[in-house]
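For reference, the structure is listed below as structure tokens.
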Amino acid sequence: MVNKKNTPITGITVSKNEDFSAWYTELVKKAELADIRYNVKGFVVYMPWATITIKKMYRKYEDLLDKNGHMPLVMPSVIPESNFNLEADHVKGFAPEVFWVSEAGSEGEKLAERLALRPTSETALYKMYSYWIRSYNDLPFKRYQSCQVWRYEGKMTRPFFRGREFHWIEAHNCFATEEEAINQVKEDMEMTYTMLQDEFCIPIIFFERPQWDKFSGAVSTYAADALMGSGKVLQLPSTHLLGQNFAIPFNVKYVDKDGEEKYCFQTCYGPAISRIYGAMIAYLGDDKGLILPFDLAPLQIVIIPILIKNKEEIVLNKCKKLFEDLKEKYLVKFDDSEDSPGSKFYKWELKGVPLRIEIGPRDIEKNQVVIIKRHDGKKLFIKENELEKNIDKIANNYTRELKEKELLDFEEQIEICYEKDSAKKAIENGKIVCCGFCSIDMKAYPCAEKIEKELGAFVRGKKVTDEKHEFSTCIGCGEPATCAVYIAKSY
RNA sequence: GGGAGUGUAAUGUAGUGGUAAGCAUCCAAGCUUUGGAAGUUUGUUAUCGAAGGUUCAAAUCCUUCCACUCCUACCA
């Protein structure tokens, strides 16, 4: 079969390297991940192909939270204004992006009290926590919910990355001591590494955010930045030490062993699954389309028959038998549609199916099948009698291979800088800058503002673990440095 | 929040005041095909983003709104 000149292009037409934005838009549309024709800004339809993977991601995350002692619950999606207003910094941070429900019914009757569509659930949950938590026997108290939240975003929305409605998990925990709360933050960070790096193949690094960049109402914020290559980072899950900032206004107290009433120490953790999905498909995908970790693919194996006139039956039978053998263990499809083989190859590569099995008359003569791996395009010829064993091996190795291929060495991405000029150059060269800073407290904010403006990049914070680099002076003001910070461009 | 652009069928487009709109893809039916995007025949689908306005006459000109795309700012 010969490719004709007027062949329509149903695949992706732009290169990811040359025009990332256009590439992503085409990927979302052509792989049928989201439909943006719903016509409400920032609200998109999640199509089955994305929804299946997102549900699998939720399942993995929820299993891990369960294992670490969290219990699931489901909160109402509206929050009374009086509740919402209880913690001053929190209100200040979130009020500009709240959607309000203010009337109801065909006459447009005003509600006695406005209801916020939750932008996050602290102020919904903690009202209930004050009922539920009575004594030290109730602690630690660990809950999570998987839900949608709404934020009235400014101009730029993009499917999965940033919507006015997004899908996440939020975990909200209460402890008797600050130390336990700090340990929870550490556990949250470990969970994040397990999920994002090991399961979803996205390289990340955790930073303690500067005080001016923390979650509204928190004592401190620890956020994972995904390393998207060429020095740019993307904020992914963050975990927050809330101290007693919410416990006091919401009256989240317990009676301790000594009979005294005490306020809890709280933490919250918010992995936004929809954004993680966006980051994953953006990071792993290539010019042919999606690439997915094996466990997360809606379809893991597709079998494509190569039909030659008068030899159809033997090929079809062989494919059917293989399909029957594989379907118990894997998500497998036998694509016997009328399209030509080539068009099927393109289609399933676009969809990111990890393994493609081709069977044609020539293979049957040689007692073999052809297996092609999506993530590296490698073609394997497997003898029929070794098929089962080999498929298991290939499937088991797929995600690990993908992770190794995509893992970035953080140290290779950074450049140590001692003054502004070299830092500026490093940022321009697509590096993450590591430098000395006066501090990450509010008093360093003017310093950060100046530097951020000059470099066109942001102070992401202090690295959470094993900082190796030391600096004597702050890159902004020249005063003695108290810490090393990382500066990077962000998406 | 600031800037630039776009809106005609499911999709991509032609159509710059005068016949309710042409083409291709998709989709459906048939025949011939099939080792990287098949060919062919027939058929279905649009009151031109929405609402006003100008005009004898509007997809086409004007106003407002909505949505989308890109850059910038912010967040998860």
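Chain A is the first sequence line, chain B the second, and so forth, proteins listed ahead of strands; every chain is numbered from 1. Any value given below was found using the heavy atoms of this structure, including those in side chains, with hydrogens, waters and symmetry copies removed. Bear in mind that the values here come from a model prediction, so they are computed numbers and not experimental data.
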Exercise for review: Remember a base hit wins even if backbone is also touched, and classify A:E338 as base, sugar-phosphate or nothing at under 4.0 Å, heavy atoms.
Suggested key: base
Check your understanding: Across the strands shown, which category fits A:V370 at heavy-atom distances under 4.0 angstrom: base, sugar-phosphate, nothing?
Key -> base
Exercise for review: Indicate, with a heavy-atom threshold strictly under 4.0 Å, whether A:I276 touches base, sugar-phosphate, or nothing.
Suggested key: nothing
Revision key, fill the gap. Answer for the Watson-Crick or wobble partner of B:U13, both distances under 3.5 Å, is B:G22
Exercise for review: Calculate the interatomic distance between A:Y222 atom OH and B:A76 atom P; express it in whole Å.
Suggested key: 16 Å
Check your understanding: Can you check whether A:K29 has a side-chain N or O nearer than 4.0 Å to OP1 or OP2 of B:G12?
Key -> yes
**Study point:** Presence of A:T157 side-chain N/O under 4.0 Å of B:C75 phosphate oxygens OP1/OP2
**Key:** no
Check your understanding: For A:K41 and B:A67, is the shortest distance between a side-chain N/O and OP1 or OP2 below 4.0 Å?
Key -> no
Check your understanding: So what does A:D336 touch, heavy atoms closer than 4.0 Å: a base, only the sugar-phosphate, or nothing?
Key -> nothing
**Study point:** Face-to-face stacking of A:Y346 with B:A37, centres under 5.5 angstrom, angle under 30°
**Key:** yes
Revision key, fill the gap. Test side chain to side chain contact (heavy atoms under 4.5 Å, CB included), reference A:Q413, set A:I432, A:I205, A:V233, output is A:I432
Check your understanding: What is the base-pairing partner of B:U47, counting Watson-Crick and G-U wobble geometry with both distances under 3.5 Å?
Key -> none
Review point. How are the rings of A:F43 and A:F99 set relative to one another: parallel (under 30°), tilted (30 to 60°) or perpendicular (over 60°)?
Key: perpendicular
Practice item. Would you state whether a donor and an acceptor, one from the side chain of A:D363 and one from the base of B:G35, lie under 3.5 Å apart? Key: yes
Check your understanding: Just how far, in rounded Å, is C1' of B:G35 from CG of A:D339?
Key -> 16 Å
Practice item. Kindly indicate whether the side chain of A:L64, heavy atoms from C-beta on, has any atom under 4.5 Å from the side chain of A:T194. Key: yes
Exercise for review: May I have the distance from A:I304 (atom CD1) to B:U34 (atom P), rounded to whole angstrom?
Suggested key: 17 Å
Practice item. Provide, to the nearest angstrom, the distance between the CD1 atom belonging to A:I314 and the P atom belonging to B:G35. Key: 18 Å
Practice item. Look at the side chain of A:R164 against the base of B:C75 and say whether a donor-acceptor pair falls under 3.5 Å; ignore hydrogens and angles. Key: no
Practice item. Could you tell me whether the side chain of A:R37 has a donor or acceptor atom within less than 3.5 Å of a complementary atom in the base of B:G49? Key: no
Check your understanding: Between A:L322 and A:I357, is any pair of side-chain heavy atoms under 4.5 Å apart?
Key -> yes
Check your understanding: With both distances kept under 3.5 Å, what pairs with B:C31, Watson-Crick or G-U wobble?
Key -> B:G39
Exercise for review: Return the value, rounded to whole Å, for the distance between atom CD of A:E312 and atom P of B:U32.
Suggested key: 11 Å
Point to revise | Euclidean distance for P, B:U8 against B:G3 (whole angstrom) | key: 25 Å
Check your understanding: Does the side-chain ring of A:F166 sit on the six-membered ring of the B:A76 base, less than 5.5 Å centre to centre and under 30° in tilt?
Key -> yes
Practice item. For residues A:H240 and A:Y269, determine if any side-chain heavy atom of one lies less than 4.5 Å from a side-chain heavy atom of the other. Key: no
Review point. Reckon A:G93 touches a base, only the sugar-phosphate, or nothing at all at heavy-atom distances under 4.0 Å?
Key: nothing
**Study point:** A:R151 (side chain) and B:C75 (base): donor-acceptor pair under 3.5 Å
**Key:** no
Study note, to complete from the structure: Here the distance between atom P of B:A76 and atom NE2 of A:H167, to the nearest Å, is 17 Å
Exercise for review: Please determine if a side-chain N or O atom of A:R158 lies less than 4.0 Å away from the OP1 or OP2 oxygen of B:C70.
Suggested key: yes
**Study point:** Mate of B:A73 where both pairing distances stay under 3.5 Å, Watson-Crick or G-U
**Key:** none
Check your understanding: How would you label the contact of A:G270 with the nucleic acid (heavy atoms, under 4.0 Å): base, sugar-phosphate, or nothing?
Key -> nothing
Exercise for review: Pick base, sugar-phosphate or nothing for A:L307, based on heavy-atom distances below 4.0 Å to the nucleic acid.
Suggested key: base
Review point. If you draw a 6.0 Å radius around NZ in A:K56, do more than 12 non-hydrogen atoms from other residues or ligands fall strictly inside?
Key: yes
Review point. With a non-hydrogen cut-off below 4.0 angstrom, is A:F43 in contact with a base, only sugar-phosphate, or nothing?
Key: nothing
Practice item. Only one of A:L380, A:I359, A:D363 passes side chain to side chain contact (heavy atoms under 4.5 Å, CB included) with A:Q368; say which it is. Key: A:D363
Point to revise | Pairwise C1' distance, B:G49 and B:U44 [rounded to whole Å] | key: 24 Å
Point to revise | Integer angstrom distance from the P of B:A37 to that of B:A76 | key: 46 Å
Study note, to complete from the structure: From the list A:E62, A:E170, A:H167, side-chain hydrogen bond (donor to acceptor under 3.5 Å, both in side chains) partner of A:S146 resolves to A:E62
**Study point:** Rounded distance in Å - CZ (A:R275) to P (B:A76)
**Key:** 8 Å
Review point. When we call it a touch if two heavy atoms are under 4.0 Å apart, what does A:P271 touch: a base, just sugar-phosphate, or nothing?
Key: nothing
Study note, to complete from the structure: In Watson-Crick or G-U wobble terms, with both distances under 3.5 Å, the base opposite B:A58 is none
Practice item. Among A:K378, A:R374, A:K373, find the one that has a salt bridge (charged side-chain N to carboxylate O under 4.0 Å, His left out) with A:E401. Key: A:K373
Check your understanding: Between B:A50 and B:U60, how far is it from one P atom to the other, in whole Å?
Key -> 10 Å
**Study point:** Atom NZ of A:K16 with >12 non-hydrogen neighbours under 6.0 angstrom
**Key:** yes
Practice item. Assign each of A:L234 and A:G360 to its nearest nucleotide of RNA chain B by heavy atoms, then name whichever residue's nucleotide is nearer the 5' end. Key: A:G360
Practice item. Quick one: label A:S274 by what it contacts on the DNA or RNA (base, sugar-phosphate, nothing), any heavy atom closer than 4.0 Å. Key: nothing
Point to revise | Sugar-phosphate, base or nothing in reach of A:K309, heavy atoms under 4.0 Å | key: sugar-phosphate
Check your understanding: On a whole-Å scale, what distance lies between the C1' atoms belonging to B:G22 and B:A9?
Key -> 13 Å
Check your understanding: Starting at the 5' end of RNA chain B and moving along, which residue's nearest nucleotide shows up first, A:R362 or A:D19?
Key -> A:R362
Review point. Hey, is the side chain of A:S21 poking within less than 4.0 Å of OP1 or OP2 on B:C71, counting only N and O atoms?
Key: yes
Check your understanding: B:U13 and B:U6: how far apart are their C1' atoms, nearest whole angstrom?
Key -> 13 Å
Check your understanding: Whole Å only: how far is the CD atom of A:E26 from the C1' atom of B:G12?
Key -> 12 Å
Exercise for review: Select base, sugar-phosphate, or nothing to describe what A:E349 touches, counting heavy atoms under 4.0 Å on all strands.
Suggested key: base
Point to revise | Same-atom distance (P) from B:G18 to B:C74, integer angstrom | key: 49 Å
Review point. Quick one: is B:A76 close enough that its OP1 or OP2 comes under 4.0 Å of any side-chain N or O from A:Q235?
Key: yes
**Study point:** Pairwise P distance for B:A21 and B:G2, with rounding to whole Å
**Key:** 42 Å
Exercise for review: For the side chain of A:E153, starting at C-beta, report the closest nucleotide among B:G35, B:U69, B:C75.
Suggested key: B:C75
Review point. So what does A:Y38 hit on the nucleic acid, given a heavy-atom distance under 4.0 Å: a base, only sugar-phosphate, or nothing?
Key: nothing
